Amino acid sequence: MIRHLPYVKEAVSNKPEGERFKSMYIRYLAYRENYSRSNVWARAMAQKAWFEEFPTYIYEYDLVAGSLRGDYVVSPSARQKNRAEDAKNLFGSGDFWLNRDHFAPAYERFLNDGICGTMEKIRASRENHKDEPDRAEFLDAMAEVLEGFSTHIKNYAQEAEKVASETDKPECASQLRRLADDLNYISREKPVTLRQALNLVYIAHVAFHFQDKYAMALGRLDQYLYPFYKHDIEAGIITDEEAEDLFACAFIKLWEVRWLGRDDVVNICIGGTTPDGKDAVNELSYIILHAVRDCNIPGPNLSARLHDDVPDRFIDECLQVIGTGLGYPAMMNDKANIPALLRYGYSLEDARNHCFVGCIENFIPGKQPGWTDGRFNVPNCLEGVFYRGSATHSDYCGVDSGPLEDMKTMDDFMCAFKKQIDRSAAEYVTRFNNYNAKVNYAYFTNVFMSMLCDDCIGRGLDINCGGAVYPSVHGACAMGIATVADSLAAIEKLVFIDKEYTLMEIRDAMKANFDGYEELRQKMRNVCKYGNNDDFVDKYAVWFVEYLEKAFSPYRTRDNGAFYIGIASNVANIYCGAYTGATPDGRHAKEPMSDAASPTYGMDQNGPTSAFLSLSKPDYSLSALGTVVNQKYTTDMLRDPTKRAALAAAIKTYFKLGGQELQINCVSRETLIDAMEHPENYEDLVVRVSGFSAYYVSLGKDTQKDILSRTEHSKI
């Protein structure tokens with residue numbers, strides 16, 4: 001067997017000449033032919049034109065079609081660029097806060113129906129809505145776009161045949177002709193083989209890139225592709241080794257996005273449970289895991305769902321892949337996530353079928369609009385208590401919660417803190433909802449994305465205009481849980497128990513950034529810290545999750561969806577820390593606050609077991625967005641079988657106790673330091689950052705230092 005991955009990887013690493021332009025120009029030409037038509041129709045015709053006219057490209061060793069390469073044009077004229085850019089701006093594509101992307105399409109249904117079955121559903125719905133002009137037009141537009149998508153696949157088939165006729169490598173010619181046959185077949189019929197199914201999914205995924213969409217998830221790939229894999233294995237069509245190469249050749253092409261100067265966070269979910277609650281790990285789960293390892297690139301963003309009955313082998317193999325330094329997969333706990341989703345009215349079957357979009361965000365695939373979220377700076381609210389609604393390094397504007405002199409008990413202080421959080425949450429929600437209220441979502445319709453969301457076809461409505469089964473949700477990522485917990489513990493201990501300092505003295509020290517107050521700062525730092533299994537401080541982490549959920553739960557999105565909370569930051573703990581003043585845990589002004597749901601770096605000093613016990617105390621069924629817990633282990637912890645087994649046992653216990661998520665780095669401190677000093681020697685070094693991995697040398701110095709600061713554990 002020829003392994004195609006090395007050849008495809010080499011081809012993808014060569015950036016094309018020119019600049020991205022072709023897709024934008026194709027759309028412009030289509031828009032100008034439809035200026036007199038409705039917005040829905042003009043946008044659909046632009047999408048259809050792109051499908052039919054975009055220059056397809058096939059690599060010589062390709063097993064899976066779909067590429068960004070055809071978009072690059074050498075020296076387009078200034079006039080063409082200006083006109084195309086003007087049309088793009090005229091029609092627009094919305095933005096992240098307008099549910100534009102971060103979506104997991106209904107690929108399982110699309111594969112089961114194929115293009116032909118999907119067209120039949122569109123036509124049947126068109127007949128049902130024939131007396132409703134707007135819905136009828138939307139469905140007509142959907143049919144036109146699907147015809148264009150069919151042509152797009154045929155164009156890839158023609159390109160594969162062309163490359164097959166030109167190559168001097170007989171093994172490539174044979175594979176490319178087989179690829180052409182598969183593409184011609186799925187352009188008309190529903191897929192039968194694994195290769196056909198993966199091609200249909202991947203071509204659709206690449207198409208979203210040209211619709212200005214980011215972080216489009218592939219979802220539960222091991223579940224909806226498993227029937228095709230099983231068919232091929234039983235028919236003798238494919239071996240596990242060939243399947244691994246097939247997936248790797250698809251995943252490595254996600255690297256093309258680096259031509260744009262960034263990575264795409266394409267989340268893939270493996271493992272979890274079936275609709276009836278049984279273990280869903282299968283042979284394909286392992287094949288996908290190994291294919292991600294083979295690629296060794298920052299994407300795809302692999303997530304592994306664990307539960308009480310998950311096989312020990314699955315956890316062990318996940319840890320082995322993490323142990324390569326890749327940092328994937330993140331490990332997610334069904335025991336926390338499924339109950340969290342059930343609180344918002346999803347069916348049990350849909351909650352069990354959840355996947356993830358972007359970094360770690362829980363998502364019901366193919367049944368809700370694109371994901372949105374934002375950062376909520378809780379330490380800023382803590383500052384507001386000390387400065388009566390203001391802050392020292394930001395324009396924070398909270399509520400005057402009263403003079404510190406009137407706060408005689410810890411309960412008084414907590415009451416003032418709650419007032420700050422309540423006001424800030426109300427302002428956060430108002431900003432988000434008012435931003436959405438100003439926009440006419442009917443102006444930003446996307447019939448292709450809607451086609452892959454239930455039940456837009458049946459309802460004849462866009463995904464963001466009532467077509468989706470479930471309403472949109474928004475996630476408020478509450479930052480600084482450890483900074484807040486450690487600060488509250490220090491206040492309770494030094495002010496209200498030991499009565500060694502007053503709140504006013506704490507305020508003055510913070511305002512001076514501890515200049516002249518080093519003795520007080522050291523006492524703050526010496527109070528017990530979150531992550532060491534000490535209930536005195538851990539109770540404030542429990543309170544943090546409970547109260548943040550209470551603060552956001554009364555609010556609703558524009559279409560009556562929920563506001564989830566999450567305990568995540570996605571490196572925002574660094575830049576948000578830069579405008580947050582000193583805090584009572586002894587943190588200096590402008591320093592990073594604690595990362596996501598993790599203990600403050602360096603403060604979890606009693607080992608990973610104590611850290612797990614602390615981290616499992618909050619009720620994370622209240623955090624439907626999800627959480628991020630970053631841990632760092634020495635390399636031998638993941639490569640030595642005995643130590644890896646001990647770590648696996650600790651993770652299982654952590655999840656049984658209610659922990660929600662865990663992601664691990666195992667690149668040594670020495671390697672990270674050397675990479676900072678000699679980046680030219682570490683261009684391929686991948687590390688786990690937050691809810692994603694990245695090339696270490698591509699990160700900013702602040703982020704590199706943040707990763708370097710993580711507590712490194714060497715034993716369980």
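All values below were derived from every heavy atom in this structure, side-chain atoms included, with hydrogens, water molecules and symmetry-related copies excluded. These figures come from a predicted structure and were not determined experimentally.
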ask   = Could you go step by step and tell me if Arg220 and Asn353 meet the side-chain hydrogen bond (donor to acceptor under 3.5 Å, both in side chains) rule?
value = CA-CA 8 Å; Arg220 302 189 72 188; Asn353 193 42; 3.1 Å; yes
Face-on cation placement of Arg313 at Tyr286 ring, 6.0 Å and 45° thresholds: yes
- Query: Can Arg195 and Asp232 be counted as an ion pair, charged N to O under 4.0 angstrom?
  - Reply: no
- Are the side chain of Asp101 and the backbone N or O of Tyr214 linked by a donor-acceptor pair below 3.5 Å? yes
Hits for side chain to side chain donor-acceptor pair (under 3.5 Å) against Asp222, two or more places apart or cross-chain, chain-then-number order -> Ser285
- Taking Asn333 for the side chain and Gly659 for the main chain, is one N or O donor matched with an acceptor at less than 3.5 Å? yes
**Asked** Within the distance-only criterion (no hydrogens, no angle test), does the side chain of Asp263 pair as donor or acceptor with the backbone N or O of Val257 below 3.5 angstrom?
**Response** no
Do Tyr226 and Glu283 pair up side chain to side chain, a donor and an acceptor below 3.5 Å, judged on atom types alone? yes
Can Asp113 and Lys190 be counted as an ion pair, charged N to O under 4.0 angstrom?
-> no
Margin query: Check this for me: does any side-chain nitrogen of one of Glu317 and Arg293 sit under 4.0 Å from a carboxylate oxygen of the other?
Written below: no
Checklist line | Salt-bridge present (Arg375, Asp373; N to O < 4.0 Å) | finding: yes
Tell me, with the steps shown, if Tyr564 and Tyr344 meet ring pair (Phe, Tyr, Trp, His ring centres under 6.0 Å). CA-CA 9 Å; Tyr564 294 171; Tyr344 291 97; 4.8 Å; yes
